[in-house]
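What follows is a set of notes on a single structure, which appears directly below.
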Amino acid sequence: MQLRNIVLLAAAASVEAAATLRFSCSQLVVERLDPLVNPGENPSPHLHQVVGGNAFNVSMDAKVHDLPTTATCTSCTPTEDFSNYWTAVLFFKAKNGTLHRVNTFGNELGFTGANGGQTVYYLTSGKATAFKPGFRMTVGDPSIRTAEELNRRYKYMDFTCLASSMTRGGQTTYFPRQPCAAGIMVSIRFPTCWDGVNVDSPDHQSHVAYPNGNACPSTHPVVIPQVFYETYWDTRPFNNKADWPADGSQPFVWSFGDQTGYGIHGDYVFGWKGDALQRALDANCNSDLFANKINCPTLAVQTLDQANKCVKPKTVTENLDGWLSQLPGGMPIN
Ligand SMILES: *[C@@H]1O[C@H](CO)[C@@H](O)[C@H](O)[C@H]1NC(C)=O
Ligand SMILES: *[C@@H]1O[C@H](CO)[C@@H](O)[C@H](O)[C@H]1NC(C)=O
């Protein structure tokens, strides 16, 4: 969704039922865990950047691991949101083949003070049903390497080459092919229709679906809010074209070894306390674009400084800093 659409949505909120919740979630931890796709695996195959409640763990079995009662803090500004949101991590590949991790930084539209992490949205354009306890899903597939496959299977995930922090438009589904003066924004949007029954599915995707036009398909009739991540990657230290590959290709690689960008994917585990999310949706809450402010009488919000204080000690101890001879976990680049 482009900035002007968000502004329009926010404006529309006053006349029709629509929620435009937008808030910051600071970095909780960067480590090789994936309790959704690789539960119990310590470490998981590839590296993630994770935000949200500090109940994030090696395993998060919905039956025994209740996020709102397990977490003691959240890195998101709504204090009742103990969900976990995560994506893969970007690396810069130098000419000599060594790799350097790219940091996230605060979205400069309102969240400059955030210690990295990402911006999270919950968007609706009418009545929507909030997720049930235990709900989780993924979108995208790390094995995808072509535009054709990405476009056939998924929608609404892309890269924005930021000329300034305000840049919107010009998105691509592949890594930007030239240096981006203000960094790279990665946008990941989840499907908005649910089967109404299952809080998960074996592939973590089949219980949700994209709408056909504006209507949810009969197999997935329940409208859920659009969960949407915007992550600002600080590629600015790697903008010297002289350090880029001599063959003219771009130097960034996802932590799962993808140099194309098409393997873009995201993970979501719902963890709002009680009916806090449903109440915010029903109240058509929206957010100020240029400030850490949610216009929502039913939601308590903490400052960015408070959100920054919620960090989780690393479970996986491996060096992620400096120049690395390979991607964490030895993920092959292909
Ligand atoms: C993570 O799981 C381990 C093992 O079940 C447990 O000892 C630990 O307290 C958990 N940590 C958090 C933050 O939930
Ligand atoms: C590889 O390249 C990077 C970036 O130019 C440099 O900082 C690093 O020292 C190099 N490492 C080796 C082992 O040559």
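When a ligand or atom number is given, it counts from 1 through the structure's own listing order. All values reported here derive from a predicted model rather than from experimental measurement.
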Give me the pairs of N or O atoms, one from ligand 2 and one from the protein, that sit under 3.5 Å apart.
unit_1, atom_1, unit_2, atom_2, d
ligand 2, 2 (O), Asn96, OD1, 3.3
ligand 2, 2 (O), Asn96, ND2, 2.4
ligand 2, 7 (O), Trp323, NE1, 3.3
ligand 2, 11 (N), Asn96, ND2, 2.9
ligand 2, 14 (O), Asn96, ND2, 3.0

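- Side-chain contact, Gln118 with Thr87: no donor N or O sits under 3.5 Å from an acceptor N or O.
- Residue-level proximity to ligand 1 for Asn54 is carried by the backbone, the only part with a heavy atom below 4.0 angstrom.
- Salt-bridge formation is not detected for the pair Arg152/Glu148: no Lys NZ or Arg NE/NH1/NH2 atom is positioned less than 4.0 Å from an Asp or Glu carboxylate oxygen.
- Every pair tested for side-chain hydrogen bond (donor to acceptor under 3.5 Å, both in side chains) that includes a residue from residues 173-182 fails, sequence neighbours excluded, so the list is empty.
- The disulfide (SG to SG under 2.5 Å) contacts involving residues 55-87 comprise Cys25-Cys76, Cys73-Cys310, where partners must be two or more places apart or lie in separate chains.
- Partners of Pro211 by side-chain contact (heavy atoms from CB on, under 4.5 Å), not counting sequence neighbours, listed by chain and number: Thr192, Cys193.
- The pair Lys95-Asp243 does not count as a salt bridge, with every side-chain nitrogen at least 4.0 angstrom from each carboxylate oxygen.
- Using a 4.0 Å cut-off to heavy atoms of Asn57, the atoms of ligand 1 that qualify are 1 (C), 2 (O), 3 (C), 8 (C), 10 (C), 11 (N), 12 (C), 14 (O).
- A salt bridge links Asp158 with Arg189: at least one charged nitrogen is closer than 4.0 Å to a carboxylate oxygen.
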